[in-house]
Amino acid sequence: MQDKLLIYNTLSRKKEQFKPLNPPHVGLYVCGPTVYGDAHLGHARPAITFDLVFRYLKHLGYKVRYVRNITDVGHLVNDADEGEDKIAKKARLEQLEPMEVVQFFTDRYHKNMEDLNTLKPSIEPRASGHIIEQMELIDKILENGFAYESDGSIYFDVEAFSKKFDYGKLSGRKIEELMANTRELEGQSEKKNSFDFALWKKATPEHIMRWPSKWSDGFPGWHLECSAMSQKYLGGEFDIHGGGLDLQFPHHECEIAQSTAAYGHEAVHYWMHNNMITINGQKMGKSLGNFITLDQLFGGDNDVLEQAYSPMTVRFFILQAHYRSPLDFSNDALKAAEKGFNRLMAAIKTLNKIQTSNESTVDVKALQEKCYEALNDDINTPILIAHLFDGVKSINSLADGKEKITAEDLEQLKKLYTEFTFDILGLKEEGESEGSDELLGKVVELLLNTRMEAKKNKDWATADRIRDELTQMGIVVKDTKDGFDWEVAN
RNA sequence: GGUCUCUUGGCCGAGUGGCUAGGCAGUGGUCUGCAAAACCAUCUACGGCGGUUCGAAUCCGCCAGAGACCUCCA
């Protein structure tokens, strides 16, 4: 099964067979968030996409080391290596120590990720904890002649690099075009070329996040951390590097340049990029201010939201699109995802009510093969989900007695749904009485049991009264074949 | 302006040179004291114009529209 996995490699713009460097080990590095604000819907996409890659590779039997960093230094507010550090700016505005900002938003990010049921990375390094490693990397690049010092700052010499290597291969850019097209920006006199990027920045007096170095008191450039930390934890060469499509240039291009300049060869074998989440057809982003944070989404607390959407609804929404396609946010789409997700979960519960037979009219093995085929084709989750929904029809038919299944096949079917839905897609049941109010649950059940008795006695007045009054309190009552079901309305 | 990508039914979204993805909504039905839910069935679309081909929504060209990157962004 392992050798059938195809992954789209941004470097080659093709689907390639996935061959790890040192099987069964796989190294996976993903660019994590810059923790100066709450995570929004856009952040959920890479987190879920690469959580899926992580889960699937593990399912296939690989031993995966998944590294996802926390950017807590070096990411500047403005362009062209000028301007304030994002973290420092937030700290100044909130009158906090920068690391307080970092801690606060890191904790919130973790909470969001936990809600979305993403697995924790194997290692979650912070940029500020790897200043030494970044300095060492700068030294190597300087030694090899691909960087220069300018008034205490170190810049990567793109022109020198491109004489020997291909700068722009990932994003499909050419150095001549960059020369011709890069806008002239102010305050760049320190750089030889406007497209050179900072490896080390000398700190201005008011800059609070600073470290001593032989060049100046300063801080590392943003692109450097990923090169340094991936190298440290995954080695000079590793399998997969992931991130959002918007990081392709310049961030990932610069990473390639740095690693190549330092070690003479590229570090990454497979580059994977998830596409963007859009809202009204436009990218959801901090700079546009059109983002919806995950907390808002889960709480329904944003003007564009018609209701709250649970974490699993959001996860399912994202999984219903292929990771390389743009995905447009809308209330209708989220509501559709919510219903679809519930249908899938209901069918999985139904699996436990199926009577077995001495023959099968459903082909579990074929379904399983289709599911693997979908994932092996560049992690095609929408196709996988379509197959799972085909299976839902079979499950419902089985429960109705229209189809038959042997005990052995039923076990396989259950296993299939457990593996693909829970283990790989990372979906999970969201409890009806969410909010964990056990007492409420007991009271409601008592009332509904009373209602069942009333129904049995054809005392419709009492039965309806209980139902109506519960409805008024926001508890939805649903009669089922053999009893009742209830949930707290959103 | 440069580079690249996309345009699928009411909505969201896959995919493929010929074999009706899937979900949601709608419609019809089953079930039910009623209601809701659930389940079953159904709805056959690929921006426009040319070209290649026995055959194109799928390949090529042109046109129109949208987006991404080129500056921080997942």
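The chains referred to below are lettered A, B, ... by the order of the sequence lines, with proteins before strands, and numbering in each begins at 1.
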Does [X] get its side chain close enough to the base of [N], under 3.5 Å, for a donor-acceptor pair?
X	N	value
A:D400	B:C31	no
A:R324	B:C6	no
A:D332	B:A25	no

Plane angle bin for A:F249 and A:Y167 - parallel if under 30°, tilted between 30 and 60°, otherwise perpendicular:
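Plane angle over 60°, so perpendicular.
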Parallel, tilted or perpendicular: which describes the rings of A:F156 and A:F197, with under 30° parallel and over 60° perpendicular?
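Judged by the thresholds at 30° and 60°, the geometry between A:F156 and A:F197 is parallel.
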Distance check, [atom1] atoms only: [N] and [M], in whole angstrom units.
N	M	atom1	answer
B:G22	B:U44	P	13 Å
B:A38	B:U7	P	32 Å
B:G10	B:C6	P	23 Å
B:C19	B:C46	P	14 Å
B:G9	B:U3	P	30 Å
B:U58	B:U53	C1'	13 Å
B:G26	B:A21	P	22 Å
B:G13	B:G18	C1'	24 Å

Which residue in the set A:R324, A:K14, A:K4, A:K15 passes salt bridge (charged side-chain N to carboxylate O under 4.0 Å, His left out) when paired with A:D378?
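It is A:R324, the one option of A:R324, A:K14, A:K4, A:K15 that forms the salt bridge (charged side-chain N to carboxylate O under 4.0 Å, His left out) with A:D378.
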Need one value for [X]: base, sugar-phosphate or nothing, where a base atom within 4.0 Å counts as base even if backbone is also close, heavy atoms only.
X	answer
A:S325	sugar-phosphate
A:A333	sugar-phosphate
A:H40	base
A:G281	sugar-phosphate
A:L344	nothing

For residues A:F195 and A:I175, determine if any side-chain heavy atom of one lies less than 4.5 Å from a side-chain heavy atom of the other.
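Counting from C-beta outward, A:F195 and A:I175 do come under 4.5 Å.
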In terms of side-chain heavy atoms of [X], which of [options] is nearest?
X	options	answer
A:K393	B:A41, B:G33, B:A74	B:A41
A:R467	B:A25, B:C34, B:G13	B:C34
A:R451	B:C72, B:C24, B:C34	B:C34
A:H322	B:A14, B:A41, B:C24	B:A14
A:K283	B:A74, B:G22, B:G13	B:A74
A:N380	B:C69, B:C34, B:G15	B:G15
A:D328	B:A74, B:G67, B:G13	B:G13
A:D246	B:A74, B:G13, B:G23	B:A74
A:P250	B:G23, B:A21, B:C70	B:C70
A:P382	B:A35, B:A74, B:A21	B:A21

Give the rounded distance in Å between these two atoms: [atom1] of [X] and [atom2] of [N].
X	N	atom1	atom2	answer
A:F195	B:U71	CZ	P	11 Å
A:E253	B:C69	CD	C1'	12 Å
A:F341	B:G23	CZ	P	16 Å
A:D479	B:A36	CG	P	12 Å
A:M345	B:C39	CE	P	14 Å
A:L351	B:A38	CG	P	17 Å
A:N275	B:C4	CG	P	17 Å
A:L245	B:U3	CG	P	18 Å

Return the nucleotide paired to [N]: Watson-Crick means purine N1 to pyrimidine N3 with N6-O4 or O6-N4, wobble means G-U with N1-O2 and O6-N3, both under 3.5 Å.
N	result
B:U5	B:A66
B:C34	none
B:C43	none
B:G10	B:C24
B:G61	B:C49

Look at [X] and [N] and indicate whether a side-chain polar atom (N or O) is within less than 4.0 Å of OP1 or OP2.
X	N	result
A:R173	B:G2	no
A:K174	B:U3	no
A:K286	B:A74	yes

Starting at the 5' end of RNA chain B and moving along, which residue's nearest nucleotide shows up first, A:N396 or A:M276?
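Going by which nucleotide is closer to the 5' end, it is A:N396.
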Judged by each residue's nearest nucleotide on RNA chain B, which is more toward the 5′ side, A:K402 or A:L41?
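Mapping each residue to its closest nucleotide by heavy atoms, the 5'-most match is A:K402.
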Pi stacking test for A:W460 and B:G33: under 5.5 Å apart, planes under 30°:
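A:W460 vs B:G33: stacking yes.
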Ion pair [X]/[Y], N-O distance below 4.0 Å:
X	Y	result
A:D464	A:R467	yes
A:K370	A:D363	no
A:D85	A:K201	no
A:K111	A:D115	yes

Side-chain donor-acceptor contact under 3.5 Å, A:S128 with A:R126
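Looking only at side-chain atoms, A:R126 and A:S128 do not form any donor-acceptor pair under 3.5 Å.
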